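Note sheet for the following structure.
Counting starts at 1 for both ligands and their atoms, in listed order. The basis for the numbers below is simple: all heavy atoms, side chains too, and nothing from hydrogens, waters or symmetry mates. Predicted, not measured: the structure shown is a model, and the values here were computed from it.
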Amino acid sequence: MDPVHILGIESSCDETAAAVVRSGEELISNVVASQIATHQQYGGVVPELASREHLRAIVPVVRQALADAGKTYQSIDALAVTQGPGLAGALLVGISYAKALAFALERPLIAVNHLEGHIHAVLLEQRQKGNRELRFPVMALVVSGGHTHLYLAEQRRESWSYENIGHTRDDAAGEAFDKVAKLLGFGYPGGPVIDRLSKHGDPKAVKFATPQIKHPDRKDSAHSSQTFKSGAPAPAKKDAHKRESWGSGHPRPDAEHPRFDFSYSGIKTAVLRYVETNNLAPSIEFRRTALAQVSKPKLEDYLANSDKQTLDLVASFQRAMVGDLVAKTLAAAREYAVATLFVTGGVAANNELRQTFEQEAAREGLPVYFPSRPLSTDNAAMIAAAAYPKFLAKDFAAMDFSAEAGMALK
Ligand code: KG4
Ligand code: ZN
């Protein structure tokens, strides 16, 4: 089959992105215009400003992605755009533009779920590296500013199916990183700063009590007598082979299995209590003011404005977050007897998270894959890659489709 060049467009949150991907396996160009500078002063993404910035950036970003790929508009085989989940106004900018282009160029348009995109970021790069050994099913942790979701992903011929087996009950993991960083005067977004600062603190200094981070796993089946402690490894099901199989002999997600939910609003409150109890407010205010005067603060600037107690708090917070994400994901992987782990989304860029996943998964003999850091956070290459199987299946969007802010992945 001839190579298929898909132009991907992503505008679900605060990044305007366009990319060209060949046949779901080769990244040809990848352009991301970040709006961080616009939202930084508000300490988080302001939806109206995001839409306005997408409107400004979308045309030059797409043009740049085509130029970098050495492609003309006419030489693109199909377009792909994020339909949801995300901010409705932001999504509509990408969707409207993609529809107009598809109409004018007479090319098919493919609507992609943003979360499926994060999963395909891993697949794209593994294919690009020539890895044809991936085994299924996959347990994918999508962990970002808006999501902390566990999916069982299975490939049947060209098409993919997903089962959500757990998600956050309140804050997403990235949201907790961002809120804690904001609370401590480190600005927005918080994940990358906490990541770098954590190496300079003692992760054992502050203890977070279990209920502050653990969420009991849900059993959908009311008649079931088994309960699992969150974070603790779920016992392997001895009778798994008797169950209806999902994919190649793996237990099927159903009411018999616990769900692996997350909860991160408690730890954020625990950090706030720590700040109050230890009277850290004056030093936080001092840091906030000092960092506001630096246009692009570097690690040295953050360190120069942080005492040991704050660094210890940051390192302990990250350790607790990483510990919960890894333990819960591995427990889910055992429960569903998966062959492979994917960890993707903005928080997957975190160094301690990657290292801990690598160590713990190796202990269980489970291969774990991450996207490269540029493809961990929002981008359009993942959207173009996720669109390829849909292109092969001729799963094209009708021209009247709209944004779906709360779109679920199935
Ligand atoms: O996937 P993404 O770009 O956007 C969403 O779909 O939400 O993820 C952004 C999130 C932010 O919360 C940001 O703080 C977090 O990912 N993040 C990190 C790191 N880099 C980005 N969190 C922890 N460590 C990092 N290195
Ligand atoms: Zn995302």
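For residues 389-410, the pairs satisfying salt bridge (Lys or Arg N to Asp or Glu O under 4.0 Å) are Glu116-Lys390, with sequence neighbours left out.
Angle OD1(Asp378) to the Zn ion (ligand 2) to NE2(His118), rounded to 10°: 100°.
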(request) Could you walk me through whether Leu311 and Leu197 pass side-chain contact (heavy atoms from CB on, under 4.5 Å), step by step? (result) CA-CA 7 Å; Leu311 292 172; Leu197 287 178; 4.0 Å; yes

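Between Asn350 and ligand 1, an N or O atom pair is found at a separation short of 3.5 Å. Where the criterion is an N or O separation shorter than 3.5 Å, residue side chain and backbone included, Gly345 fails it with respect to ligand 1. Where the criterion is an N or O separation shorter than 3.5 Å, residue side chain and backbone included, Phe177 fails it with respect to ligand 1. Between Asp195 and ligand 1, an N or O atom pair is found at a separation short of 3.5 Å. Not a single N or O atom of Pro189, backbone or side chain, sits closer than 3.5 Å to an N or O atom of ligand 1.
Those atoms of ligand 1 that come under 4.0 Å of a heavy atom in Thr377, given as number and element, are 3 (O). Each of the following atoms of ligand 1 lies closer than 4.0 Å to a heavy atom of Gly146: 7 (O). Atoms of ligand 1 found under 4.0 Å from any heavy atom of Gly145 (numbered from 1 in listed order, with element): 5 (C), 7 (O), 8 (O), 9 (C), 10 (C), 12 (O). Within the listing of ligand 1, atoms 6 (O) sit less than 4.0 angstrom from a heavy atom of His114. Remark: ligand 1 atoms within the under-4.0 Å shell around heavy atoms of Gly174 are 12 (O). Listed by number with element, the atoms of ligand 1 under 4.0 Å from a non-hydrogen atom of His118 are 1 (O), 6 (O).
Between Tyr388 and Phe391, the angle of the ring planes stays under 30°, which puts this pair in the parallel group of the 30/60° scheme. Using cut-offs of 30° and 60° for the angle between ring planes, the His147 and His149 rings count as perpendicular.
Looking only at protein heavy atoms, the nearest one to atom 21 (C) of ligand 1 is Gly346 O, 3.4 Å. Of the protein's non-hydrogen atoms, Gly191 CA, 3.2 Å is the one closest to atom 22 (N) of ligand 1. Counting protein heavy atoms only, atom 12 (O) of ligand 1 is closest to Asp178 OD2, 2.7 Å.
Contacts of Asp378 with ligand 1, taken as heavy-atom pairs under 4.0 Å, involve both backbone and side chain. In His147, neither the side chain nor the backbone holds a heavy atom less than 4.0 Å from any atom of ligand 1.
Put simply, no part of Cys13 is less than 4.0 Å from ligand 1, judged by heavy atoms. The closest approach between any non-hydrogen atom of Arg373 and ligand 1 is not below 4.0 Å.
Checked by atom type, the side-chain pair His54/Ser11 shows no donor-acceptor distance below 3.5 Å. Side-chain atoms of Glu352 and Gln318 include a donor-acceptor pair closer than 3.5 Å. For the 3.5 Å distance criterion, the side chains of Thr82 and Glu10 qualify, holding a donor opposite an acceptor.
Here Cys13 fails the criterion, with no N, O or S atom under 2.8 Å of the Zn ion (ligand 2). Taking 2.8 Å as the criterion, His147 does not count as a coordinating residue of the Zn ion (ligand 2), since none of its N, O or S atoms falls below it.
Taking the centre and axis of the six-membered ring of Tyr302, the NZ or CZ atom of Arg196 falls outside the cone set by 45° and 6.0 Å.
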Kindly list each side-chain donor-acceptor pair under 3.5 angstrom involving residues 89-102, sequence neighbours excluded, with atom names and distances?
from  : atom 1 : to     : atom 2 : distance (Å)
Ser96 : OG     : Leu92  : O      : 2.6
Lys99 : NZ     : Met399 : O      : 3.0
Lys99 : NZ     : Phe401 : O      : 2.6

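A salt bridge between Lys308 and Asp312 is present, with a side-chain N of the basic residue lying under 4.0 Å from a carboxylate O of the acidic one. Lys179 and Glu175 are joined by a salt bridge, as a carboxylate oxygen and a charged side-chain nitrogen come within less than 4.0 angstrom of each other. Asp77 and Arg107 are not joined by a salt bridge, as no carboxylate oxygen comes within less than 4.0 angstrom of a charged side-chain nitrogen.
Around CD of Glu106, the count of heavy atoms belonging to other residues, nucleotides or ligands within 6.0 Å does not exceed 12.
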